[in-house]
Amino acid sequence: MRKSNPFFYSFLSTPLGTTIIGWQNDLLAAFVLPQPSPEKAFHYLQSYHLPQHDSFKLETQLPWPDFSDKVNAYFSGEKVGFSEPITIDQFSDYTRQILNVTKNIPWGEVKTYQQVAQLSSQKRAYRAVGQALHRNPIPLIIPCHRVVAKSSLGGFGYGLDWKLRLLTLEKFQS
DNA sequence: TACACCACGCGAT
DNA sequence: ATCGCGTGGTGTA
C-alpha cells in the first residue's frame with residue numbers, strides 16, 4: 001500500500017479576486033491568478049498539468065509565512081521578488097529550462113520570446129518558448145507575463161488583458 | 001513514425 | 001496590414 005500523495009492548496013483573497021496557492025512537499029507548485037469566485041479559481045487549478053498527486057487537500061496555512069503578504073503587495077504595485085522554492089518536475093527538460101530562464105527575469109523587465117530562446121539550448125525555437133510558457137502552472141512567481149513578442153504583447157493563458165494588467169503594475173504602458 | 005498544433009519572427013506582397 | 005514559410009517541442013494515434 002503506497003503512501004497517499006496529496007496536492008495541498010489554499011485560497012487567498014485579494015482586492016482583485018480569489019487566488020489559489022498550491023504546493024507539494026513545501027515546494028510551490030501552482031498559483032491561480034485572481035478570479036471572481038473560488039470555484040472559478042479551482043477550475044483553473046484543475047486545468048493545470050500538476051505534479052503527481054492522488055487527491056487535493058485544502059489547508060488554511062501556507063508553508064511560507066510571508067507569502068500571502070508578498071502576493072498582496074505585488075498586486076498593490078510594489079516591487080516584489082519571489083524566492084520561494086518551486087517544483088516543476090512534471091515537465092520535460094526543455095519546458096523546465098524555459099520556465100527556469102523565465103523565473104530569472106526581474107520585476108519591471110521584459111524579454112522577447114526570441115531572447116528567451118537564445119538563453120536556452122534551442123536558440124531558434126521561439127515558438128516552442130511560447131508553448132512552454134502557456135503551460136506555466138505558477139504565473140507571477142514564474143513571471144511569464146514578462147515575455148513578450150518583438151512587436152506586440154504576444155499571448156497569455158489568462159487573456160491578454162491580464163498580461164497587460166500585470167505589466168502595467170510593473171510600470172509598463174500600452 | 002506521422003501528423004497537427006502553437007503565447008514567434010521575418011521577408012515579401 | 002496581411003501572407004507564407006522556417007522553425008522546434010509536444011500531444012495524439
Side-chain angles (χ1 to χ4, degrees), chain A residues 5 7 9 14 16-24 27-37 39-56 71 74-75 77 79-82 84 86-174:
Chain A
N5 185 24
F7 186 91
Y9 72 101
T14 75
L16 296 182
T18 302
T19 70
I20 293 180
I21 293 135
W23 67 94
Q24 231 178 10
L27 299 173
L28 187 57
F31 184 78
V32 176
L33 291 178
Q35 298 301 311
S37 71
E39 290 75 20
K40 288 211 171 201
F42 194 73
H43 186 79
Y44 268 100
L45 181 69
Q46 287 179 306
S47 75
Y48 287 159
H49 180 25
L50 298 172
Q52 191 58 50
H53 61 281
D54 52 36
S55 60
F56 284 102
V71 169
Y74 177 87
F75 283 123
K79 180 172 181 172
V80 174
F82 295 100
E84 288 71 16
I86 65 172
T87 175
I88 46 176
D89 291 341
Q90 68 272 39
F91 295 109
S92 69
D93 289 349
Y94 176 80
T95 300
R96 288 204 308 274
Q97 201 182 142
I98 297 306
L99 293 176
N100 280 324
V101 168
T102 303
K103 177 122 178 35
N104 290 329
I105 305 175
W107 188 98
E109 294 182 23
V110 295
K111 288 193 189 301
T112 64
Y113 294 97
Q114 192 173 55
Q115 286 175 317
V116 171
Q118 280 163 357
L119 290 171
S120 81
S121 56
Q122 303 299 323
K123 315 276 185 235
R124 260 162 257 175
Y126 30 77
R127 294 191 81 165
V129 169
Q131 273 191 117
L133 294 180
H134 190 41
R135 299 189 197 100
N136 177 18
I138 328 179
L140 218 65
I141 291 79
I142 297 176
C144 57
H145 60 282
R146 294 178 194 145
V147 183
V148 298
K150 184 172 277 186
S151 49
S152 76
L153 265 190
F156 200 65
Y158 283 83
L160 279 180
D161 48 342
W162 259 112
K163 189 168 191 173
L164 186 56
R165 185 175 320 174
L166 296 176
L167 288 172
T168 303
L169 274 176
E170 302 184 15
K171 321 295 183 213
F172 286 88
Q173 26 212 358
S174 177

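Note that the structure is predicted; figures quoted are calculated from it, not measured.
- At least one donor-acceptor pair closer than 3.5 Å links the side chain of A:Lys123 to the backbone N or O of A:Ser120.
- As judged by a 4.0 angstrom heavy-atom cut-off over every strand, A:Ser152 is placed among residues making no nucleic acid contact.
- Figure legend. C:dT7 is base-paired to no nucleotide; pairs are counted as Watson-Crick or G-U wobble with both atom distances under 3.5 Å.
- Relative ring orientation between A:Trp162 and A:Tyr158 is described as perpendicular, the plane-to-plane angle rising above 60° on a 0-90° scale split at 30° and 60°.
- Here A:Gln131 does not reach the OP1 or OP2 of B:dC8: none of its side-chain N or O atoms lies under 4.0 Å away.
- For A:His134 and B:dC5, the NE2 to P distance is 15 Å, given to the nearest whole Å.
- Nucleotide C:dG9 holds its P atom 15 Å from the CG atom of A:Leu133, rounded to whole Å.
- Enclosure of atom CD in A:Gln46 by more than 12 non-hydrogen atoms of other residues, nucleotides or ligands within 6.0 angstrom is indicated.
- The nucleotide whose nearest atom lies closest to any side-chain atom of A:Lys163 is, among B:dA7, C:dT7, C:dG6, B:dA7.
- The distance between atom CD of A:Gln115 and atom P of B:dA7, rounded to the nearest whole Å, is 20 Å.
- Using a 4.0 Å heavy-atom cutoff across all strands shown, A:Phe156 reaches at least one base atom of the nucleic acid.
- For A:Tyr113 and B:dC6, the OH to P distance is 14 Å, given to the nearest whole Å.
- Between the base of C:dG9 and the side chain of A:Arg127 there is no donor-acceptor pair shorter than 3.5 Å.
- The separation between A:Gln118 atom CD and B:dC8 atom P is 16 Å, rounded to whole Å.
- Here C:dG9 is the nucleotide among C:dG6, C:dG9, B:dA7 with the atom lying nearest to any side-chain atom of A:Gln122.
- Closest approach to the A:Gln114 side chain among C:dG8, B:dG9, C:dG9 is made by B:dG9 (side chain taken as heavy atoms from C-beta onward).
- The base-pairing partner of B:dA7, taking Watson-Crick or G-U wobble contacts with both distances under 3.5 Å, does not exist among the strands shown.
- If A:Arg135 and A:Arg124 are placed on DNA chain C by their nearest nucleotide, the residue sitting closer to the 5' end is A:Arg124.
- Partner of A:Tyr9 under the ring pair (Phe, Tyr, Trp, His ring centres under 6.0 Å) criterion, chosen from A:Tyr48, A:Phe42, A:Tyr44, A:Trp23: A:Phe42.
- Protein atom CD of A:Gln97 is 12 Å distant from nucleotide atom C1' of C:dG9, rounded to whole Å.
- With rounding to whole Å, A:Ile98 atom CD1 is found 11 Å from C:dG8 atom C1'.
- Between B:dC8 and A:Lys150, no contact under 4.0 Å exists linking OP1 or OP2 to a side-chain N or O.
- A:Lys163 places a side-chain N or O within donor-acceptor distance of the main-chain N or O of A:Val147, the cut-off being under 3.5 Å.
- Whole-Å rounding puts the A:Asp161 CG to B:dA7 P distance at 16 Å.
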